[in-house]
Number of protein chains: 2
Amino acid sequence: MVETAPTAKRGTARERLLRAAEELFYCEGINTTGVEAIAARAGVTKATLYNNFRSKDQLVAEYLRGKLEKSRAAAHEYDDPHAPASARVAALFEDVERTIEQGDFHGCPFTKAAVEVPGNADAMAVVREHYADIVGHLTAVTGDAASADTIAMIYDGAMIAAKASGDAAPIARAKTAAVGLLDPR
Amino acid sequence: MVETAPTAKRGTARERLLRAAEELFYCEGINTTGVEAIAARAGVTKATLYNNFRSKDQLVAEYLRGKLEKSRAAAHEYDDPHAPASARVAALFEDVERTIEQGDFHGCPFTKAAVEVPGNADAMAVVREHYADIVGHLTAVTGDAASADTIAMIYDGAMIAAKASGDAAPIARAKTAAVGLLDPR
DNA sequence: TGGTAAACATACCGGTCGGTATAGTGGCAG
DNA sequence: CTGCCACTATACCGACCGGTATGTTTACCA
């Protein structure tokens, strides 16, 4: 509908396409975003999009992989391996809180993809990879796989609640609950 | 695509449309199901659909309301107000486990709707109503609003994990974790 | 029996979808 | 200078989208 000003024209066509795809898929939804809109936002034609990606499905999978790498990079930044477990668990939630405060939170991209394109096998593989990431990280932090699994579920549930209510409060409550799970005593 | 055998022709056109909408919206997705397919499955024409519903958006909202009422009815069935809190919390998860065993689990319809049609205000209102239901029920059961909130998040997170992994195991783990939250001692 | 309302079948509307084809253009490397 | 390749622009494909308009048939009820 709205032509949406193209993002900065830096980088190769491929990079711009992936950046445009991320913005549109994440903010507007995957099924509701057409390839035409992505190409336009990248300042590129549809033909160029199909020169760089086999299909929309592949573009979706690569968008998700980019999100996965970004979340890994972010974890490296905010996680302090020398901090106590409670602080490290809290950091996971505080990262989401910061995102919400900045106003660019639109729910968990992996949960959304699992709902929107469950038939895209490549995309679903990335979704599972992300879940394994979170549980793995939390297992390393807490030293307890069962706690890690529970906290991961709280984490996902909190993001849904935050999205549905349009409020950051669920994240704060989830953080408290998750930290409370550690060393019940 | 596939013409899908029409469901039993019992009831009024409106009832059949809602039943068809539930099956298709829930199993195939909301945005990926066209009004034509719903009408066909109900054994009815598109004109009849629009005689009974103002728009697709309204049909979506009414489908969700139906799901809400069904989940309330189910809760009335499986919940025993005289049972101990742990059993009542467990019952919530065991209901999901039964659904998965029967093979007709496709994720939480409310979470899915929040992702697929966040712009449908009527639908989103039902989503929030459902969340309030769950938290309210759990608050009554546990006598503790904070625990109720945490368990609700575990509940939602577990359904995502179950959907993404195609496995009922996350629900069982979530049940254990939720029950473990009660009277930590 | 006659009237009414609902559901019928069909066709159409403008728009968008993912994807392809064709032809031309610019810059860079040999 | 030339050949090549990524890119451009544009137009098209068949399919489907949500929604509307038409006239006909069916069934029930006064």
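In the text below, chain A, chain B and the rest are named by the order of the sequence lines, each starting its count at 1.
With rounding to whole Å, A:Leu17 atom CG is found 14 Å from D:dA6 atom P. Look at OH on A:Tyr50: it is 19 Å from P on D:dA6, rounded to the nearest Å. Look at CD on A:Glu36: it is 11 Å from C1' on D:dT10, rounded to the nearest Å. Computed from coordinates, the B:Arg16 CZ to C:dC8 P distance equals 7 Å when rounded to whole Å. The nearest whole Å value for the distance from the CG atom in B:Leu24 to the C1' atom in D:dG18 is 16 Å. Between the CD1 atom of A:Ile38 and the P atom of C:dC17 there is a distance of 10 Å, rounded to whole Å. Separating the NZ atom of B:Lys46 from the P atom of C:dT10 is a distance of 14 Å, rounded to the nearest angstrom. One can place CG of A:Leu49 at 10 Å from P of C:dG18, the figure rounded to the nearest angstrom.
Nearest heavy-atom pair, B:Pro170 versus B:Ala161, reported as atom, atom and distance to 0.1 Å: CB-CB, 3.8 Å. In plain terms, the two heavy atoms of A:Tyr50 and A:Lys56 that are nearest each other are OH-N, 4.4 Å.
A salt bridge is absent between B:Lys67 and B:Glu62; no separation between the charged side-chain nitrogens and carboxylate oxygens falls under 4.0 Å. Between A:Glu129 and A:Arg72 there is a salt bridge, since a side-chain N of the basic residue sits under 4.0 Å from a carboxylate O of the acidic one.
The listed nucleotides are D:dG19, C:dG18, D:dT8; the one nearest the side chain of A:Ala47 is D:dT8. Which of C:dA11, C:dG18, D:dT8 sits closest to the side chain of A:Val44 comes down to D:dT8. Taking only side-chain atoms of B:Thr48, from C-beta outward, the nucleotide of C:dG18, D:dC7, C:dC8 with the closest atom is C:dC8.
Within 4.0 Å of B:Thr33, counting heavy atoms only, lie sugar-phosphate atoms of the nucleic acid but no base atom. Contacts of B:Asn31 with the nucleic acid, taken as non-hydrogen atoms under 4.0 Å apart, are absent.
Phosphate contact (OP1/OP2 of C:dC8, side-chain N/O of B:Thr45, threshold under 4.0 Å): present.
Taking the ring axis of B:Phe105 as reference, the NZ or CZ atom of B:Lys163 does not stay both within 45° of it and closer than 6.0 Å to the ring centre.
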